[in-house]
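Note that the structure is predicted; figures quoted are calculated from it, not measured.
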Amino acid sequence: MGRLRLQSNIKAIEEEPEDCETTSSNKAALACMVNSEIGAVLAVMRRNVRWGGRYVSGDDQLEHSLIQSLKKLRKQIFLWQHQWQTINPVLYLQPFLEVIRSDETGAPITSVALSSVYKILTLDVLDLSTVNIEDAMNLVVDAVTSCRFEITDPASEEVVLMKILQVLLACMKGKTSVVLSNQHVCTIVNTCFRVVHQAGTKGELLQRTARHTMHEIVKCIFSHLPDVDNTERSLVKGGTSIKHEVSGIDADYSFASKSDNGTEYDGQPYSGASAGLLSSVMGDSAGKMDNGKDSVPYDLHLMTEPYGVPCMVEIFHFLCSLLNVPEHVGMGPKTNSIAFDEDVPLFALGLINSAIELGGPAIRHHPRLLSLVQDELFRNLMQFGLSVSPLILSMVCCIVLNLYQHLRIELKLQLEAFFSCVILRLSQSRYGASYQQQEVAMEALVDFCRQKTFMVEMYANLDCDITCSNVFEELANLLSKSAFPVNSPLSAMHILALDGLIAVIQGMAERIANGSFNSELAPVNLEEYTPFWMLKCECYNEPDNWVPFVRRRKYIKRRLMIGADHFNRDPKKGLEFLQGTHLLPEKLDPQSVACFFRYTAGLDKNLVGDFLGNHDEFCVQVLHEFAKTFDFQDMNLDTALRLFLETFRLPGESQKIQRVLEAFSGRYYEQSPQILANKDAALLLSYSLIMLNTDQHNVQVKKKMTEEDFIRNNRHINGGNDLPREFLSELYHSICKNEIRTTPEQGAGFAEMTPSRWIDLMHKSKKSAPYIVSDSRAYLDHDMFAIMSGPTIAAISVVFDHAEHEEVYQTCIDGFLAVAKISACHPLEDVLDDLVVSLCKFTTLLNPSSVEEPVLAFGDDCKARMATVTVFTIANRYGDFIHTGWRNILDCILRLHKLGLLPARVASDAADESEMSPEPGQGKPVTSSLSSVQVQAIGTPRRSSGLMGRFSQLLSLDTEEPRSQPTEQQLAAHQRTLQTIQKCHIESIFTESKFLLAESLLQLARALIWAAGRPQKGSSSPEDEDTAVFCLELLIAITLNNRDRIGLLWQGVYEHIANIVQSTLMPCALVEKAVFGLLRICQRLLPYKENLADELLRSLQLVLKLDARVADAYCEQITQEVSRLVKANATHIRSQLGWRTVASLLSITARHPEASEAGFDALFFIMSDGAHLTPANYVLCIDAARQFAESRVGQADRSVRAVDLMSGSVACLTQWDEDAKGAMAEAEAMKLSQEIGEMWLRLVQALRKVCLDQREEVRNHALLSLQMCLTGVEGIHLPHGLWLQCFDMVIFTVLDDLTEIAQGHSQKDYRNMEGTLVLALKLLTKVYLLLLHDLSQLTTFCKLWLGVLSRMEKYMKVKVRGKKSEKLQELVPELLKNTLLVMKTKGVLVQRSALGGDSLWELTWLHVNNIVPSLQSEMFPDNDSEQTDSKQGEIGKNTVSNEAGSG
């Protein structure tokens, strides 16, 4: 029933455990206390002549009843044996209350009696278990609120009033307050307010005490609201009005004072308006509400029950009514002076604020209280929000903030109106707001922004609602603009706005940790038109439902704004555009167009008015549908007309006006007929109001229409009858006072809240979509941040630029970091890049250095140092999402590098191996020791720019002057600089680059290439080269750190290095870094990236393209690196392409004095024991070994070793052939066997070339090795054709070449050629005999044999040093004889039948006889040589000569 629930935890005194002695002593103590209070009252009364005289008189006259009752009580109190809780409190309170009520007692007596009652109330005598407590409490309230006394002096009167307040407050604060009735609580509040009124003419102390008491009582009452049961049943429709009851209270219990001469005195209220309000609320609560509805009164029965919601509603209504200031009070923009007493509304607002703070969310459970908040309170808040008094405005904002906290679900449109019509309106100086008003409004807005979900809910509920304004966007813009110091120094307002802006941003940043909504980046598309104007979400409590819904609504709203822009330029094309974007149906229907006109913001109201007034049938239909979008229920006609005409400009033509008013009057009559007979009456009266409006407010009309004229003009229009005079009179005065604007405001700006707009708002609020309550997750932050990021970064940057205090710097930095976090997590790369660009400007590192000593200047510039740390913090934390911003970051890094301030390991690749190859000419910074005593050298060796050196240069610019030590200030500045750089962790950007997202990593690499600049042919400045070297170091570092993603970076890195290599003509640090960097990349990545091995190794061909001078300078180091690469990665190089590059690099070194040793070492590693020889690299390695064998650089011993490597490789061929036979299919084995044969042929061809070497030991060793390779290949299947090739291309060729050398060169060039020829000849016969069996089966055997014979013949005749060789003269016959014997033994050389001739036999002897004529008869004595006829001899000669010529 809307009353307080009794507290179960309040125990009565009698329930407390206590022994008898304690109980009896307590009884006695209480009796003594009451006795002392009786004595005090009697003592004061005796001082008065009236009471004292009677008391001492000896006649029969009785004592006064007041004294008698007090004396009687004195007798009784010590006789009561029961517990005090069982004694009716009325017995011991009544005598005191009679004194308080009596108008015969003076102020001092009343004061003491009130003190006594107060003392009894504040002791633990009364509690809920006390007998008859309800009657006792009600009696106390009745007595105190109807207190009467004689005034003796002003001071004593104030004391009594203060005592009254004290007792009433004790009644409300005690445990027993819950038994007070609604009626009595209202009476208490009424009495307190009367005291507040009377205090206006009294002392300051009483005024403050009265106000404080009123506050406390209101707090006491509304603090119980959460404990009150539901109030639905406490509403009694049509019940008896409380009017007479409350009036009775006022009449019976109103307190007054009598002066000494007995005349009654009432304290004059200081405000007639407020006094009237008091009586109107407390005495006429059944009056009409402002919207014309009768409020439902509480019945008398409820008012006499223990207090609850009924009294709270009455009190709250009373407090709201205190804000109903008369209409003439100036609140407009032109009013600069306080035209009303701000005291009453300020006091009322304070009380209302307390009620809301304590009632809180419980208010929504009580419809009548909620209704008061939604309508009457908020309407007044809107009005007082534009008050010129900063105090009132501040209190209004506090109340709205409390309402937002507790009741925002019920106040969606009211909050929108408050921000649009108060906060945003005050923020624009064109509306006449003072600086103080703007500051208070901004403070309020910042308070709202500090509520974590405020901006999200504004965006979700208002910005994403088609029918509401973009409050979030407007507020964000306001904060951004207000933070901008335009042509003025930074003020408190700027900082305040910045705080608000950063509070919003930090709220978003905090929500990131709570998880995001997956679909927030899902694009919104409209495939076809569906009616959407009044569409509502299925479930506003489930984010899965409402988030996609509001995002779609926002998308539609944005498209509608674009459509409105098109419409304003060309209505027809605008509607076509909307049809094309599926915001209007393909075939236009009146309802959809009407909704577009009604709910789309930003439309040109002139064009809308012209369209609606058009005579075209479709336009007329749209007009009527447009009228149907209005809710005129229970509205006055002028209010409805104002509302209707606010949405478009009324056309000027009478026919158009008529059509518009017909549509309006039809709709109005349909919803609010009231006293109108028909819609024609509504039409006529509307017309009449328009005419009256023009008449009254057009300056050109000199003679104005009077009220009588207006009434006369509207006779007989209501279905032939007259309308009530009062009704017409009210309309007349409403129009006269407040013009109906037929040309509504256009464009930007924030409208004032008019009564008609408020009524419309209340209508809309009933149909509005439910309020969406956002939790702490980032559902819409992506969309919101996209809207506000640009202005926010700009605003923070401008404030940071203008600020001069470190705390403001820190606020801005916090904002920058929050922006970075949001940009990275949502992600919005462009925003992050913009932020980085903006911040880099503040580091001062990008500025052209006009300062003599930039390091010291940087150390002294707090802003620059903070900005620098922030830039690198962002780069380290959110590098994944930086794209173009890397360029600016690198510019800062390069500047620090030039100043010698970078830590040592910035360009390190931070890989597992900590060693860095020592490379000359490369400057590595030294790690700095951050001590103020010692400043170590930091910088690049190309100049003495260590920090200590810089000090010296600074302090002694002329080297001849003695150097002075740096000052303490300079040391401190240096120290700060070093600490700043240390905090930046610049090296982490590169060492941790392996964690960057692919796109960001690619952008970082591109930025490094860009920063390095394009290498120019010819000379470049040392500074440019140093920058290019440093950037290349960093590029190589991130390449090595990202070996798993080398494919992403490789192309760019390779092209950059290629540019450097191909454009460099002289040795320099840059090309050195490029070449060795490339080698390092290959070394480190080959083991991990086999699929890129060819690509990596092919890149090394760049080394082959080096300019000769450059290549010569670095050849040894390059070879060492290649050797290291080969040794580490030989097993990972699998393709022929890769080996070709390696072999090429090694081959080049064969003729380089310094490099050849390392090159041969690498080749030896590959070929020794065939460790890393493969079919893919065999031929390449053989060729490289040949080049080392032929090289005259180094000792001959190395050439011999190279030949050994070549000959030793035959074992690999044998092994591969065996493996092929065992493991492969026949076809594959055949193919590999063929390849092995070709490899063997290449091997012996290579050895053939070495056999011609000038050096005897190399030449001879090569011949022996060749012999070994030709004779030791039993394990390899070599086809006969291959052997024939071998004889032609290798064996015969080497013999011929050696003959030529022996005869054509001097002994100086080729020593001991005779021995070489002997070896060659032995090789020939040995190989021939070894293969005789197989070769003799060939059809070309005869030709081969003749080739052998011809070489022997040639060697018999060869002249070494001008004479024939004795050794050969001896050797050739011996070898020939041996060969012929073998051939004879094997049956190859035998005389056959003469039939057809025996060419082999004949030809053999023909040649042999030329060499050793006696050999035939010695070997074949039985055969007659004469059998050979001459003809055959001729044939043989011809044949031999031909063979010899071809051989």
Worked check of side-chain contact (heavy atoms from CB on, under 4.5 Å) between Asp634 and Ile759: CA-CA 10 Å; Asp634 300 323; Ile759 292 166; over 6 Å; no

Just by modelled atom types, is the [Y] backbone N or O under 3.5 Å from a matching donor or acceptor in the [X] side chain?
| X | Y | result |
| --- | --- | --- |
| Asp375 | Ser371 | no |
| Glu357 | Asn402 | no |
| Gln414 | Gln374 | yes |
| Ser387 | Gln383 | no |
| Thr176 | Leu126 | no |
| Asp127 | Lys175 | no |
| Gln451 | Asp447 | yes |
| Ser177 | Lys173 | no |
| Ser768 | Ser765 | no |
| Ser734 | Glu730 | no |

Worked check of side-chain contact (heavy atoms from CB on, under 4.5 Å) between Trp758 and Leu761: CA-CA 5 Å; Trp758 182 260; Leu761 183 145; 4.2 Å; yes

Can you give me the closest heavy-atom contact between [X] and [Y], atom names plus distance?
| X | Y | value |
| --- | --- | --- |
| Ser354 | His215 | OG-CD2, 3.4 Å |
| Cys186 | Glu314 | SG-CB, 4.0 Å |
| Pro361 | His406 | CD-ND1, 3.4 Å |
| Arg211 | Val196 | N-CG2, 4.2 Å |
| Cys449 | Met455 | SG-CE, 4.0 Å |
| Cys311 | Asn182 | N-OD1, 3.2 Å |

Chi angles and distances behind the side-chain contact (heavy atoms from CB on, under 4.5 Å) call for Met312, Phe222: CA-CA 7 Å; Met312 295 183 197; Phe222 282 90; 3.9 Å; yes

For Leu381, the option from Ile352, Val373, Ile399 that meets side-chain contact (heavy atoms from CB on, under 4.5 Å): Ile399

With Thr130, the side-chain contact (heavy atoms from CB on, under 4.5 Å) member among Ile133, Leu128, Asn132: Ile133

Does some side-chain heavy atom of [Y] sit less than 4.5 Å from a side-chain heavy atom of [X]?
| X | Y | value |
| --- | --- | --- |
| Val179 | Tyr307 | no |
| Glu439 | Glu443 | yes |
| Ile356 | Leu377 | yes |
| Met442 | Ser427 | no |
| Lys219 | Glu216 | yes |
| Met137 | Val141 | no |
| Pro306 | Leu180 | no |
| His366 | Leu225 | yes |

Over-ring placement of Arg777 relative to Tyr779, 6.0 Å and 45° cut-offs: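 No, Arg777 does not sit over the ring of Tyr779.
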
Working for side-chain hydrogen bond (donor to acceptor under 3.5 Å, both in side chains), residues Asp142 and His184: CA-CA 8 Å; Asp142 288 345; His184 282 102; 2.6 Å; yes

Full working for salt bridge (charged side-chain N to carboxylate O under 4.0 Å, His left out) between Asp631 and Lys767: CA-CA 10 Å; Asp631 181 4; Lys767 301 175 186 176; 3.5 Å; yes

Nearest-0.5 Å distance that lies between atom [atom1] in [X] and atom [atom2] in [Y]:
| X | Y | atom1 | atom2 | answer |
| --- | --- | --- | --- | --- |
| Ser420 | Glu474 | OG | CD | 7.5 Å |
| Phe193 | Thr213 | CZ | OG1 | 14.0 Å |
| Met395 | Ser389 | CE | OG | 10.5 Å |
| Gln166 | Leu161 | CD | CG | 12.5 Å |
| Tyr459 | Ile772 | OH | CD1 | 11.5 Å |
| Glu376 | Leu372 | CD | CG | 6.0 Å |

Ring centres under 6.0 angstrom apart (Tyr540, Tyr771):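 They do not qualify: ring centres at least 6.0 Å apart.
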
Parallel, tilted or perpendicular: ring planes of Phe630 versus Phe632, cut at 30 and 60 degrees: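 Parallel, since the angle between the ring planes stays under 30°.
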
Parallel, tilted or perpendicular: rings of Phe448 and Phe418 (30°, 60°): tilted

Candidate pair Asp463 and Arg553, rule salt bridge (charged side-chain N to carboxylate O under 4.0 Å, His left out), full reasoning: CA-CA 9 Å; Asp463 289 55; Arg553 300 292 277 180; over 6 Å; no

Chi angles and distances behind the side-chain hydrogen bond (donor to acceptor under 3.5 Å, both in side chains) call for Tyr404, Glu457: CA-CA 11 Å; Tyr404 169 79; Glu457 290 178 358; 3.0 Å; yes

Evaluation steps, side-chain hydrogen bond (donor to acceptor under 3.5 Å, both in side chains), between Arg757 and Thr639: CA-CA 8 Å; Arg757 284 178 185 152; Thr639 302; over 6 Å; no

Worked check of side-chain contact (heavy atoms from CB on, under 4.5 Å) between Asn324 and Arg379: CA-CA 10 Å; Asn324 288 332; Arg379 187 181 69 248; 4.3 Å; yes

